[in-house]
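This report concerns only the one structure given below.
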Amino acid sequence: MSTRSDLLLRGGLVVDGSGAEPVVGDVLVRDGRIAAVGHGSGGRIDAPGARVVDVDGLAVAPGFVDMHAHSDLAVLADGEHLAKVTQGVTTEVVGQDGISYAPVTDETMALVREQIAGWNGIPDGVDFSWRSVAEYLAEVDRRGSATNVAYLVPQGTVRMNVVGTGDRRATSDEIAEMRAQVAQGLREGAFGLSSGLTYVPGMFADTDELVALCEVVAERGGYYAPHQRSYGAGAVGAYAEMVDVARRSGAALHLTHATMNFPENRGRAGELLALVDRAIADGVDVTLDTYPYLPGSTTLSALLPSRAAVGGPERTLARLRDPGERAWIAHEVEVVGSDGCHGVPVDWDSIEIAGVRDAALGDRVGRTVARIARDEARPPAEVFFDLLVADRLGTSILQHVGDEGNVREIMRHPRHTGGSDGILVGAKPHPRGSGTFPRYLGRYVREEGVLSLADMIVHLSARPAARLGLHDRGRIAEGYVADVVVFDPATVADRATPDQPRLTAAGIPWVLVGGVPVIEDGARTDARPGRALRHRPRAA
C-alpha cells in the first residue's frame with residue numbers, strides 16, 4: 001500500500017551501480033528507501049497514489065559520494081549547500097588532511113580554527129561549542145544538512161592535542177594517549193583516520209607513530225586516508241611509505257587526491273598504479289580518489305617549510321615579520337624546495353590567489369604571485385610574505401601543477417573513486433568544488449570515453465560506499481537507502497570555471513537524499529534531510 005512519501009521515477013535509464021549495462025525501467029521510492037526497481041518493457045511498476053515523475057531520457061543512478069570533501073563547516077553553516085547537491089553529491093567525507101575540528105581541547109580548537117581558515121573560513125552562526133567527534137556529529141544532526149556527512153579522525157589535530165605543534169618524536173605515553181583519542185573517535189562514529197603529512201603538526205609523526213595509530217583503525221574496521229609527505233619530488237616514495245603503514249598495521253588504505261603532480265612526475269602515473277597493484281596482490285586493501293582537474297588547491301601558508309610553522313599561527317606570523325627569518329624561508333621555498341611545497345622549488349607563475357580572509361586584499365584574487373610581483377615591481381617572495389602576514393595565513397590558492405595524462409590513467413584504475421577536494425570559501429575557489437562529478441560524467445564519459453557510464457557510476461557511487469562500509473547505499477536496488485541522482489547523459493556538464501567557480505552543474509534535475517528531494521525539477525528545495533553517518537566498528 002502506498003504512502004504519501006511514495007515517489008515513482010518512471011521510465012529512466014537505470015544505472016544501478018553494479019557495473020551492468022543500463023536498462024530502462026521504473027524506480028519506486030518509499031519511506032526513504034528504494035522499494036522496487038522494474039526493468040524493461042515488463043518492468044513497469046504500478047504504485048497507486050505515488051507521485052509520478054517522468055524521467056524518460058534521463059539516467060537514474062545512486063547518489064555520488066565525495067570521498068574527499070572540505071565541507072566540515074559548510075554542512076553546518078550553509079543550508080542550501082548548492083556547490084555539492086547540484087552536482088548530485090549525497091554523501092561527503094570530511095575531517096580530511098589530518099586537520100579538523102574534533103576531537104579538540106579549548107586550546108587546540110582555537111589553533112585549528114586559525115590554521116585552516118583558508119580551507120573553511122570562520123562562518124557566522126557556527127559557535128564551535130563541540131569538542132568531541134560525537135558532539136560534532138550531533139551538531140550536524142541538530143542543524144540538518146543538505147548531504148549526509150561521514151567523518152575521519154584527524155591525526156594532526158590529535159597530535160596537537162597530545163604533543164603540541166613542535167617537531168619532535170612522541171613518547172610512548174603520548175602515543176598511548178593518541179591511540180586512545182583515535183579509538184574514542186572511532187567509537188563515536190568516525191569512519192577512519194586522516195593525515196596531513198605536509199602540514200604542521202601531523203607531518204612530525206614518523207612512520208612508526210602512524211603505524212601505531214593505524215593499528216587502532218584496523219582493530220575497529222576503519223580505514224586510513226593520508227595526505228602523504230609529498231606529491232612532488234618524492235611522490236613515489238611517499239606513496240610507498242603509506243602502503244608500508246597499511247601493510248604493517250593491517251589497516252585498509254585510501255589514498256586521497258592520488259595525483260602525480262609537478263613537472264617531475266609528468267607521465268609517471270603508471271609507477272603509482274604499479275605500486276598499488278603490488279600491494280593489492282599482497283593482500284593490502286587499497287583504494288584511491290582523484291579530482292578531474294589539473295590545478296591543485298590549498299592554502300598559501302602550506303608552501304612554507306615546516307620549521308616556519310612550528311609553534312602555531314602566531315609564532316609563524318612572527319617569523320614572517322622578521323627579515324632574518326624571511327631570508328632562510330625564501331631560500332627554502334625558492335631554491336631548495338620546501339617540504340610544504342613537496343620538495344619542489346616554487347614556480348610563482350603557478351601560484352594563483354583564489355581567496356583572501358581580509359576583503360581589503362581582494363585585488364590579489366585571480367592573479368598569480370608572479371603577476372602581483374611584476375605589477376608592484378617587488379620580489380615574489382616579498383609578495384608571498386606580506387600577503388601571508390596581512391591575511392593572517394588565511395589566503396587560499398590554486399597551484400597549476402597537474403598532468404592530463406596522469407589524471408586519465410589514474411581514473412581508469414579499478415580501485416579509483418571520486419573526490420572533489422573542494423575548498424568552498426574565497427572569492428575564486430577551485431571550480432572542482434562545484435564541478436567535479438558532472439565533469440566526470442560530461443567530459444570523461446560522454447566526450448572522451450575514458451570510462452563507460454556504467455563504470456563511472458561504480459567509481460562515483462558504489463565503490464566509495466563500499467569503502468565506507470555503507471552496505472545499503474551506493475546502488476539502485478530494492479531495500480537500499482534512496483540517495484538518488486537523476487541526470488541527462490546527453491547534457492550533464494560542469495559549468496564552473498576559474499573565473500566563475502560557483503556556477504552550478506547543467507543536466508541534473510533531481511537529487512534525493514534519503515528519498516527526500518533536495519533538487520527538484522532543477523531547483524533547490526528547502527529540505528535538509530542529510531544526517532551524520534556513523535561507522536559501526538567491530539568490537540575492539
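This one's a predicted model, so the numbers in the text were calculated from it and none came from an experiment. Quick note: numbers below take in every heavy atom, side chains included, and nothing from hydrogens, waters or symmetry partners.
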(message) I need the minimum non-hydrogen distance between Gln87 and Ile508, along with the two atoms involved.
(response)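 Scanning both residues, the minimum pair turns out to be O-CD1, 3.5 Å.
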Between the side chain of [X] and the main-chain N/O of [Y], is any donor-acceptor distance below 3.5 Å?
X	Y	value
Arg364	Ile353	no
Ser194	Gly95	yes
Asn406	Ala269	yes
Arg528	Gly144	yes
Ser350	Val401	no
Asn265	Gly232	yes
Ser195	Ala225	no
Arg30	Ala35	no
Arg502	Ser434	no

(request) May I ask you to check whether over 12 heavy atoms, not counting those of Arg371, lie within 6.0 Å of atom CZ? (result)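 No.
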So, do [X] and [Y] sit near enough that their side-chain heavy atoms are less than 4.5 Å apart?
X	Y	answer
Pro431	Thr497	no
Val286	Asp277	no
Tyr101	Asn120	yes
Ser420	His70	no
Val14	His39	yes
Val55	Val60	yes
Thr436	Phe64	no

(message) When you measure from the centre of the six-membered ring of Tyr291, is the NZ or CZ of Arg432 closer than 6.0 Å and no more than 45° off the axis?
(response) yes
(request) Return yes if a side-chain donor-acceptor contact under 3.5 Å exists between Asp97 and His68, otherwise no. (result)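 Asp97 vs His68: donor-acceptor pair found between side chains.
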(request) Please find out if less than 6.0 Å separates the ring center of Tyr231 from that of His257. (result) yes
(request) Could you tell me whether Tyr440 and His416 have their ring centroids closer than 6.0 angstrom? (result)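 For Tyr440 and His416, the ring centres are under 6.0 Å apart.
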(request) In plain terms, say whether Asp472 and Arg33 are close enough for a salt bridge, that is, a side-chain N and a carboxylate O under 4.0 Å apart. (result)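 Result for this pair is yes, salt bridge flagged.
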(message) Tell me whether Arg534 is salt-bridged to Asp141, with the criterion being a basic N under 4.0 Å from an acidic carboxylate O.
(response)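 Yes.
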